[in-house]
Amino acid sequence: MKKSYIFTPGPSPVPPEVGIAQVKMVHHRSPDFGEYLDRVLNGLKYVYQTENDVIMFTSSGTGAMEGAIANCFSAGDKVIAFAGGKFGERLVEISNCFGLNCIAIEYEWGENADPAALEKALEENPDTRGVFLTQSETSTGVVNDVEAFARIVARTDALFLVDAISGLGAVDLKTDEWGVDLVVGGSQKALMIPPGLAFVAVSKKAWKAVDTATLPRYYFCFKAAKASQSKTPPETPYTPAITLIQALDVAMSMIKDEGLENVFARHELFARATQAAVEALGLEFVATDRSRAFVTTSVWAPEGIKGGDIVKAMRNDFGMFIAGGQGKLKGKIFRLGHVGYFDRFDITSQLAGLELALKKLGYPVEIGAGVTAALKVLAGE
Ligand SMILES: Cc1ncc(COP(=O)(O)O)c(C=O)c1O
(Lines give C-alpha, C1' and ligand atoms only; values in the text may rest on other atoms or scores of the structure.)
Protein backbone atom coordinates (compact mmCIF):
# COMPACT_ATOMS: atom_id res chain seq x y z
CA MET A 1 0.00 0.00 0.00
CA LYS A 2 1.30 3.41 -0.93
CA LYS A 3 -0.37 6.65 0.04
CA SER A 4 -0.26 9.67 -2.17
CA TYR A 5 0.90 13.01 -0.77
CA ILE A 6 0.98 16.36 -2.53
CA PHE A 7 3.73 18.51 -1.08
CA THR A 8 4.19 20.89 -4.01
CA PRO A 9 3.91 24.68 -3.63
CA GLY A 10 0.77 24.60 -5.76
CA PRO A 11 -1.42 22.88 -6.40
CA SER A 12 -1.25 22.36 -2.66
CA PRO A 13 -3.21 19.89 -0.50
CA VAL A 14 -6.98 20.41 -0.28
CA PRO A 15 -8.75 19.85 3.07
CA PRO A 16 -11.38 17.07 2.85
CA GLU A 17 -14.19 19.43 3.90
CA VAL A 18 -13.19 21.76 1.06
CA GLY A 19 -13.19 18.87 -1.42
CA ILE A 20 -16.59 17.67 -0.26
CA ALA A 21 -18.08 21.17 -0.65
CA GLN A 22 -17.81 20.70 -4.41
CA VAL A 23 -20.15 17.72 -4.59
CA LYS A 24 -23.49 19.55 -4.75
CA MET A 25 -24.06 21.33 -8.05
CA VAL A 26 -25.99 24.60 -7.87
CA HIS A 27 -26.83 26.88 -10.76
CA HIS A 28 -24.80 30.05 -11.03
CA ARG A 29 -27.92 32.19 -11.50
CA SER A 30 -29.57 30.78 -8.37
CA PRO A 31 -29.89 32.62 -5.04
CA ASP A 32 -27.85 29.85 -3.37
CA PHE A 33 -24.89 30.61 -5.59
CA GLY A 34 -25.26 34.34 -4.92
CA GLU A 35 -24.89 33.64 -1.22
CA TYR A 36 -21.71 31.63 -1.76
CA LEU A 37 -20.23 34.29 -4.00
CA ASP A 38 -21.11 37.09 -1.62
CA ARG A 39 -19.39 35.35 1.29
CA VAL A 40 -16.38 34.46 -0.84
CA LEU A 41 -15.91 38.01 -2.13
CA ASN A 42 -16.04 39.33 1.43
CA GLY A 43 -13.68 36.60 2.57
CA LEU A 44 -11.21 37.56 -0.12
CA LYS A 45 -11.21 41.13 1.18
CA TYR A 46 -10.21 39.74 4.57
CA VAL A 47 -7.33 37.71 3.12
CA TYR A 48 -6.24 40.61 0.91
CA GLN A 49 -6.53 43.03 3.87
CA THR A 50 -8.37 45.45 1.62
CA GLU A 51 -11.51 47.47 1.14
CA ASN A 52 -10.78 47.61 -2.59
CA ASP A 53 -12.81 45.57 -5.06
CA VAL A 54 -11.50 42.06 -5.49
CA ILE A 55 -12.34 40.87 -8.99
CA MET A 56 -12.66 37.14 -9.52
CA PHE A 57 -12.04 35.16 -12.71
CA THR A 58 -12.41 31.54 -13.61
CA SER A 59 -8.88 30.93 -14.79
CA SER A 60 -5.52 29.99 -13.41
CA GLY A 61 -3.46 32.77 -11.88
CA THR A 62 -1.81 33.72 -15.16
CA GLY A 63 -5.19 34.83 -16.51
CA ALA A 64 -5.51 37.41 -13.77
CA MET A 65 -1.91 38.57 -14.35
CA GLU A 66 -2.84 39.14 -17.99
CA GLY A 67 -6.11 40.79 -16.98
CA ALA A 68 -4.38 43.22 -14.63
CA ILE A 69 -2.07 44.34 -17.41
CA ALA A 70 -4.70 44.41 -20.17
CA ASN A 71 -7.15 46.46 -18.11
CA CYS A 72 -4.80 49.10 -16.75
CA PHE A 73 -2.31 49.88 -19.51
CA SER A 74 -2.11 50.95 -23.15
CA ALA A 75 0.32 49.84 -25.83
CA GLY A 76 3.63 51.67 -25.49
CA ASP A 77 3.21 52.44 -21.77
CA LYS A 78 6.51 52.26 -19.96
CA VAL A 79 6.61 49.75 -17.12
CA ILE A 80 9.36 48.35 -14.93
CA ALA A 81 9.17 44.61 -14.23
CA PHE A 82 11.42 42.70 -11.85
CA ALA A 83 12.46 39.28 -13.08
CA GLY A 84 14.44 37.01 -10.79
CA GLY A 85 12.65 33.76 -11.52
CA LYS A 86 10.14 32.08 -13.77
CA PHE A 87 7.19 34.14 -12.61
CA GLY A 88 8.94 37.50 -12.75
CA GLU A 89 9.86 36.53 -16.30
CA ARG A 90 6.18 35.91 -16.96
CA LEU A 91 5.38 39.52 -16.00
CA VAL A 92 7.92 40.64 -18.59
CA GLU A 93 6.55 38.22 -21.21
CA ILE A 94 2.95 39.37 -20.74
CA SER A 95 4.07 43.02 -20.90
CA ASN A 96 5.93 42.40 -24.14
CA CYS A 97 3.05 40.37 -25.55
CA PHE A 98 0.73 43.35 -25.01
CA GLY A 99 3.16 45.85 -26.55
CA LEU A 100 4.16 47.66 -23.36
CA ASN A 101 7.54 49.34 -23.23
CA CYS A 102 8.88 47.04 -20.55
CA ILE A 103 12.12 47.68 -18.73
CA ALA A 104 13.01 44.28 -17.32
CA ILE A 105 15.20 44.43 -14.23
CA GLU A 106 16.74 41.01 -14.09
CA TYR A 107 18.30 39.85 -10.86
CA GLU A 108 19.97 36.63 -9.86
CA TRP A 109 17.59 33.71 -9.31
CA GLY A 110 17.68 33.12 -5.56
CA GLU A 111 18.33 36.77 -4.72
CA ASN A 112 15.70 39.29 -3.64
CA ALA A 113 14.54 42.10 -5.89
CA ASP A 114 16.39 45.21 -4.76
CA PRO A 115 14.37 48.32 -3.87
CA ALA A 116 17.42 50.46 -4.67
CA ALA A 117 17.29 49.16 -8.25
CA LEU A 118 13.71 50.40 -8.45
CA GLU A 119 14.66 53.83 -7.13
CA LYS A 120 17.37 54.12 -9.75
CA ALA A 121 15.13 52.91 -12.58
CA LEU A 122 12.39 55.36 -11.59
CA GLU A 123 14.85 58.24 -11.48
CA GLU A 124 15.98 57.36 -14.98
CA ASN A 125 12.42 56.77 -16.18
CA PRO A 126 10.10 59.33 -14.59
CA ASP A 127 7.45 58.50 -17.22
CA THR A 128 6.99 54.97 -15.81
CA ARG A 129 3.30 53.98 -15.66
CA GLY A 130 3.65 50.70 -13.82
CA VAL A 131 5.95 48.72 -11.55
CA PHE A 132 5.57 44.93 -11.56
CA LEU A 133 6.89 42.69 -8.79
CA THR A 134 6.45 39.07 -7.76
CA GLN A 135 5.79 38.76 -4.03
CA SER A 136 6.62 35.08 -3.63
CA GLU A 137 8.81 33.93 -6.53
CA THR A 138 7.78 30.30 -6.33
CA SER A 139 10.50 29.14 -8.70
CA THR A 140 13.25 30.18 -6.26
CA GLY A 141 11.47 30.33 -2.91
CA VAL A 142 12.33 34.01 -2.52
CA VAL A 143 9.71 36.33 -1.01
CA ASN A 144 10.29 39.96 -1.88
CA ASP A 145 9.82 42.98 0.35
CA VAL A 146 6.58 44.29 -1.14
CA GLU A 147 6.24 46.98 1.53
CA ALA A 148 9.63 48.53 0.68
CA PHE A 149 8.73 48.58 -3.01
CA ALA A 150 5.31 50.05 -2.28
CA ARG A 151 6.88 52.96 -0.39
CA ILE A 152 8.99 53.83 -3.42
CA VAL A 153 6.20 53.46 -5.98
CA ALA A 154 3.93 55.63 -3.82
CA ARG A 155 6.15 58.64 -4.58
CA THR A 156 5.25 58.35 -8.26
CA ASP A 157 2.12 58.18 -10.42
CA ALA A 158 2.90 54.60 -11.45
CA LEU A 159 0.60 51.71 -10.60
CA PHE A 160 2.11 49.01 -8.41
CA LEU A 161 1.19 45.50 -9.56
CA VAL A 162 2.13 42.56 -7.37
CA ASP A 163 1.87 38.92 -8.37
CA ALA A 164 0.90 37.37 -5.04
CA ILE A 165 -0.33 34.12 -6.54
CA SER A 166 1.68 31.90 -4.23
CA GLY A 167 2.11 34.27 -1.28
CA LEU A 168 -1.44 35.51 -0.74
CA GLY A 169 -2.70 34.11 2.55
CA ALA A 170 0.75 32.74 3.46
CA VAL A 171 2.93 35.82 3.92
CA ASP A 172 1.66 39.18 5.12
CA LEU A 173 0.63 41.58 2.34
CA LYS A 174 -1.25 44.63 3.54
CA THR A 175 -2.89 45.70 0.29
CA ASP A 176 -4.45 48.94 1.58
CA GLU A 177 -1.95 49.94 4.25
CA TRP A 178 0.98 49.54 1.86
CA GLY A 179 -0.98 50.96 -1.08
CA VAL A 180 -0.62 48.16 -3.62
CA ASP A 181 -2.79 48.95 -6.65
CA LEU A 182 -3.16 45.54 -8.25
CA VAL A 183 -2.68 42.36 -6.24
CA VAL A 184 -3.05 39.14 -8.21
CA GLY A 185 -3.94 35.94 -6.37
CA GLY A 186 -4.66 32.34 -7.26
CA SER A 187 -6.71 29.56 -5.74
CA GLN A 188 -4.36 26.59 -5.59
CA LYS A 189 -1.80 27.73 -3.01
CA ALA A 190 -2.51 29.17 0.44
CA LEU A 191 -6.23 29.40 -0.25
CA MET A 192 -6.36 25.58 -0.14
CA ILE A 193 -8.68 24.88 -3.07
CA PRO A 194 -7.94 23.32 -6.47
CA PRO A 195 -6.65 25.40 -9.40
CA GLY A 196 -9.14 27.37 -11.48
CA LEU A 197 -9.92 30.67 -9.75
CA ALA A 198 -7.87 33.85 -9.89
CA PHE A 199 -8.35 37.22 -8.26
CA VAL A 200 -7.17 40.81 -8.53
CA ALA A 201 -7.59 43.46 -5.85
CA VAL A 202 -8.01 46.76 -7.71
CA SER A 203 -7.32 50.12 -6.04
CA LYS A 204 -9.19 53.34 -6.84
CA LYS A 205 -6.09 54.58 -8.64
CA ALA A 206 -6.07 51.42 -10.76
CA TRP A 207 -9.78 51.84 -11.57
CA LYS A 208 -8.97 55.32 -12.95
CA ALA A 209 -6.38 53.71 -15.19
CA VAL A 210 -8.98 51.17 -16.34
CA ASP A 211 -11.07 54.08 -17.67
CA THR A 212 -8.33 55.32 -19.98
CA ALA A 213 -6.36 52.15 -20.77
CA THR A 214 -6.84 50.95 -24.33
CA LEU A 215 -5.37 47.44 -24.46
CA PRO A 216 -7.96 44.92 -25.70
CA ARG A 217 -9.71 42.76 -23.13
CA TYR A 218 -12.82 40.68 -23.25
CA TYR A 219 -12.99 37.68 -20.93
CA PHE A 220 -10.77 39.42 -18.38
CA CYS A 221 -12.66 42.75 -18.52
CA PHE A 222 -12.57 44.28 -15.03
CA LYS A 223 -15.57 46.51 -15.67
CA ALA A 224 -17.76 43.62 -16.77
CA ALA A 225 -16.67 41.58 -13.76
CA LYS A 226 -17.29 44.47 -11.38
CA ALA A 227 -20.72 45.20 -12.86
CA SER A 228 -21.77 41.59 -12.26
CA GLN A 229 -20.16 41.33 -8.83
CA SER A 230 -21.93 44.55 -7.77
CA LYS A 231 -25.39 43.09 -8.29
CA THR A 232 -27.47 41.90 -5.34
CA PRO A 233 -26.77 39.05 -4.97
CA PRO A 234 -23.45 39.17 -6.80
CA GLU A 235 -22.94 37.35 -10.08
CA THR A 236 -20.21 36.71 -12.60
CA PRO A 237 -20.49 37.74 -16.29
CA TYR A 238 -19.88 34.20 -17.59
CA THR A 239 -20.26 30.68 -16.22
CA PRO A 240 -17.87 30.53 -13.26
CA ALA A 241 -16.17 27.48 -11.77
CA ILE A 242 -19.18 27.13 -9.48
CA THR A 243 -17.88 24.25 -7.43
CA LEU A 244 -14.57 25.98 -6.79
CA ILE A 245 -16.46 28.95 -5.37
CA GLN A 246 -18.32 26.56 -3.06
CA ALA A 247 -14.97 25.11 -2.06
CA LEU A 248 -13.53 28.56 -1.47
CA ASP A 249 -16.46 29.42 0.77
CA VAL A 250 -15.43 26.60 3.12
CA ALA A 251 -11.71 27.36 2.82
CA MET A 252 -12.36 31.03 3.63
CA SER A 253 -14.21 30.15 6.79
CA MET A 254 -11.32 27.90 7.83
CA ILE A 255 -8.91 30.79 7.32
CA LYS A 256 -11.18 33.19 9.21
CA ASP A 257 -11.58 30.72 12.08
CA GLU A 258 -7.83 30.33 12.39
CA GLY A 259 -7.26 34.07 11.97
CA LEU A 260 -4.98 35.56 9.31
CA GLU A 261 -2.20 36.35 11.77
CA ASN A 262 -2.16 32.75 12.98
CA VAL A 263 -2.19 31.50 9.40
CA PHE A 264 0.90 33.62 8.67
CA ALA A 265 2.56 32.40 11.87
CA ARG A 266 1.88 28.78 10.90
CA HIS A 267 3.50 29.30 7.50
CA GLU A 268 6.52 30.87 9.15
CA LEU A 269 6.85 28.06 11.69
CA PHE A 270 6.68 25.32 9.07
CA ALA A 271 9.15 27.15 6.84
CA ARG A 272 11.56 27.57 9.76
CA ALA A 273 11.24 23.88 10.64
CA THR A 274 11.94 22.92 7.02
CA GLN A 275 14.89 25.31 6.87
CA ALA A 276 16.33 23.79 10.06
CA ALA A 277 16.08 20.32 8.51
CA VAL A 278 17.77 21.42 5.29
CA GLU A 279 20.64 22.89 7.30
CA ALA A 280 20.93 19.77 9.46
CA LEU A 281 21.22 17.67 6.31
CA GLY A 282 24.06 19.87 5.09
CA LEU A 283 22.15 21.05 2.04
CA GLU A 284 22.26 24.52 0.49
CA PHE A 285 19.36 26.93 0.06
CA VAL A 286 18.54 28.61 -3.24
CA ALA A 287 17.02 31.68 -1.53
CA THR A 288 19.80 33.75 -0.02
CA ASP A 289 17.41 35.67 2.25
CA ARG A 290 15.00 33.41 4.08
CA SER A 291 13.53 35.96 6.47
CA ARG A 292 10.25 35.96 4.53
CA ALA A 293 10.65 32.77 2.47
CA PHE A 294 7.68 30.97 3.99
CA VAL A 295 5.95 29.56 0.89
CA THR A 296 8.39 26.96 -0.40
CA THR A 297 11.93 26.01 0.54
CA SER A 298 14.12 25.68 -2.54
CA VAL A 299 17.22 23.56 -2.13
CA TRP A 300 20.20 22.90 -4.39
CA ALA A 301 20.50 19.22 -5.27
CA PRO A 302 23.73 17.91 -3.75
CA GLU A 303 26.77 17.46 -6.01
CA GLY A 304 26.36 14.52 -8.35
CA ILE A 305 22.59 14.14 -7.82
CA LYS A 306 19.97 15.61 -10.12
CA GLY A 307 17.09 17.52 -8.55
CA GLY A 308 14.72 15.51 -10.70
CA ASP A 309 16.08 12.24 -9.29
CA ILE A 310 15.17 13.33 -5.78
CA VAL A 311 11.70 14.31 -6.97
CA LYS A 312 11.30 10.96 -8.73
CA ALA A 313 12.60 8.91 -5.81
CA MET A 314 10.18 10.56 -3.40
CA ARG A 315 7.32 10.09 -5.84
CA ASN A 316 8.06 6.52 -6.90
CA ASP A 317 9.07 5.15 -3.52
CA PHE A 318 6.76 7.01 -1.17
CA GLY A 319 4.01 8.60 -3.29
CA MET A 320 5.23 12.05 -2.24
CA PHE A 321 4.98 14.78 -4.86
CA ILE A 322 7.46 17.57 -4.33
CA ALA A 323 8.44 20.10 -7.00
CA GLY A 324 11.63 20.15 -9.04
CA GLY A 325 13.25 23.20 -10.57
CA GLN A 326 11.74 25.38 -13.28
CA GLY A 327 13.32 27.31 -16.11
CA LYS A 328 17.05 27.63 -15.68
CA LEU A 329 16.93 25.82 -12.32
CA LYS A 330 15.42 22.68 -13.87
CA GLY A 331 17.37 19.61 -12.76
CA LYS A 332 19.44 21.62 -10.28
CA ILE A 333 17.09 22.12 -7.37
CA PHE A 334 14.11 20.66 -5.59
CA ARG A 335 11.41 22.52 -3.71
CA LEU A 336 9.81 21.45 -0.45
CA GLY A 337 6.26 22.67 0.01
CA HIS A 338 4.64 24.21 3.06
CA VAL A 339 1.98 26.51 1.65
CA GLY A 340 -1.68 26.06 2.48
CA TYR A 341 -3.16 22.97 4.08
CA PHE A 342 -0.07 21.52 5.76
CA ASP A 343 0.19 20.39 9.33
CA ARG A 344 3.34 19.66 11.31
CA PHE A 345 3.26 15.99 10.42
CA ASP A 346 3.08 16.77 6.70
CA ILE A 347 6.31 18.66 7.28
CA THR A 348 8.02 15.81 9.13
CA SER A 349 6.70 13.19 6.66
CA GLN A 350 8.03 15.19 3.75
CA LEU A 351 11.41 15.51 5.44
CA ALA A 352 11.49 11.81 6.32
CA GLY A 353 10.80 11.00 2.66
CA LEU A 354 13.55 13.38 1.61
CA GLU A 355 16.07 11.75 3.93
CA LEU A 356 15.28 8.27 2.63
CA ALA A 357 15.38 9.42 -0.99
CA LEU A 358 18.72 11.16 -0.49
CA LYS A 359 20.16 8.07 1.18
CA LYS A 360 18.99 5.89 -1.69
CA LEU A 361 20.65 8.24 -4.16
CA GLY A 362 23.96 7.95 -2.33
CA TYR A 363 24.00 11.20 -0.36
CA PRO A 364 25.42 10.67 3.13
CA VAL A 365 22.47 11.16 5.45
CA GLU A 366 22.38 10.63 9.17
CA ILE A 367 18.85 9.27 9.16
CA GLY A 368 16.58 11.37 11.36
CA ALA A 369 18.87 14.40 11.47
CA GLY A 370 16.59 16.60 9.37
CA VAL A 371 13.39 15.39 10.98
CA THR A 372 14.85 15.92 14.45
CA ALA A 373 15.94 19.45 13.62
CA ALA A 374 12.47 20.22 12.29
CA LEU A 375 10.76 18.68 15.32
CA LYS A 376 12.85 20.83 17.62
CA VAL A 377 11.64 23.96 15.84
CA LEU A 378 8.06 22.68 15.93
CA ALA A 379 8.44 21.97 19.65
CA GLY A 380 9.62 25.54 20.19
CA GLU A 381 13.11 24.50 21.29
C1 LIG B 1 4.25 33.39 -8.21
C2 LIG B 1 3.44 32.75 -9.27
N3 LIG B 1 2.98 33.50 -10.27
C4 LIG B 1 2.24 32.99 -11.25
C5 LIG B 1 1.92 31.66 -11.26
C6 LIG B 1 1.11 31.13 -12.39
O7 LIG B 1 -0.11 30.72 -11.92
P8 LIG B 1 -1.00 29.67 -12.72
O9 LIG B 1 -0.15 28.47 -12.94
O10 LIG B 1 -2.13 29.45 -11.75
O11 LIG B 1 -1.42 30.32 -13.97
C12 LIG B 1 2.38 30.82 -10.26
C13 LIG B 1 2.09 29.38 -10.27
O14 LIG B 1 2.76 28.58 -9.66
C15 LIG B 1 3.15 31.38 -9.23
O16 LIG B 1 3.62 30.63 -8.22
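Throughout, residue positions are numbered sequentially from 1 according to the sequence presented. In each ligand, atom 1 is the first atom listed, and ligand 1 is the first ligand listed. Heavy atoms only: backbone and side chains are in, while hydrogens, waters and symmetry mates are out. What you are looking at is a predicted structure, and each value in this text was computed from that prediction instead of being measured.
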(message) Just to confirm my output: which protein heavy-atom neighbour is closest to atom 16 (O) of ligand 1, and how far is it?
(response) T138 OG1, 2.4 Å
(request) Give a yes/no verdict on whether any heavy atom in R90 is under 4.0 Å from an atom of ligand 1. (result) yes
(message) Heavy-atom count check: over 12 atoms from other residues, nucleotides or ligands less than 6.0 Å from K359 NZ?
(response) no
(message) If you define the side chain from C-beta out and look only at heavy atoms, does anything of I152 sit under 4.5 Å from P115?
(response) yes
(request) Quick one: look up the protein heavy atom nearest atom 14 (O) of ligand 1 and list residue, atom name and how far away it is. (result) K189 NZ, 2.5 Å
(message) What protein heavy atom lies closest to atom 3 (N) of ligand 1? Include the residue and the distance to one decimal.
(response) D163 OD2, 2.6 Å
(message) T134 versus ligand 1: do any nitrogen or oxygen atoms come within less than 3.5 Å of each other?
(response) no
(request) Check each heavy atom of P9 against ligand 1 and say whether those closer than 4.0 Å belong to the side chain, the backbone, both or neither. (result) neither
(message) Quick check on the 6.0 Å ring-centre criterion: do F132 and F149 meet it?
(response) no
(message) Using 30° and 60° as the class boundaries, would you call the ring planes of F57 and F220 parallel, tilted or perpendicular?
(response) perpendicular
(request) Have a look at ligand 1 and work out which part of T62, if any, has a heavy atom under 4.0 Å from it: side chain, backbone, both or neither. (result) both
(request) Check step by step if side-chain hydrogen bond (donor to acceptor under 3.5 Å, both in side chains) holds for S30 and D32. (result) CA-CA 5 Å; S30 70; D32 281 357; 5.2 Å; no
(message) Do K226 and W207 form a cation-pi contact, if we require the NZ or CZ to be under 6.0 Å from the six-membered ring centre and within 45 degrees of the ring's axis?
(response) yes
(request) For Q188 and ligand 1, answer yes if some heavy atom of the residue is under 4.0 Å from a ligand atom, otherwise no. (result) yes
(message) Between K204 and K208, is there a side-chain heavy-atom distance shorter than 4.5 Å?
(response) no
(message) Check for me, please, whether Y219 and L197 land in the same ILVMFWY cluster - side-chain distances under 4.5 Å, paths through other members count.
(response) no
(request) Consider only side-chain heavy atoms of I, L, V, M, F, W and Y, link residues closer than 4.5 Å, and tell whether F7 and V299 are in one cluster. (result) yes
(request) Could you say whether the N/O atoms of I165 and ligand 1 ever approach to under 3.5 Å? (result) no
(request) Report, in ascending order of atom number, the atoms of ligand 1 lying under 4.0 Å from any heavy atom of S60. (result) 8 (P), 10 (O), 11 (O)
(message) For the residue pair R344 and F270, would you count it as a cation-pi contact if the rule is NZ or CZ under 6.0 angstrom from the ring centre and within 45 degrees of the ring axis?
(response) no
(request) Determine whether the side chain, the backbone, both or neither of M65 has a heavy atom under 4.0 Å from any heavy atom of ligand 1. (result) side chain
(message) Suppose I only count heavy atoms of S136 and a 4.0 Å limit; which atoms of ligand 1 are within that range?
(response) 1 (C)
(message) Using a plain distance cutoff, I'd like to know if E137 has any nitrogen or oxygen under 3.5 Å from a nitrogen or oxygen of ligand 1.
(response) no
(request) Starting from atom 12 (C) of ligand 1, find the nearest protein heavy-atom neighbour and note its residue, name and distance. (result) F87 CE2, 3.3 Å
(message) Suppose I only count heavy atoms of S166 and a 4.0 Å limit; which atoms of ligand 1 are within that range?
(response) 1 (C), 16 (O)
(message) Below 4.0 Å from ligand 1: does a non-hydrogen atom of P195 turn up there or not?
(response) no
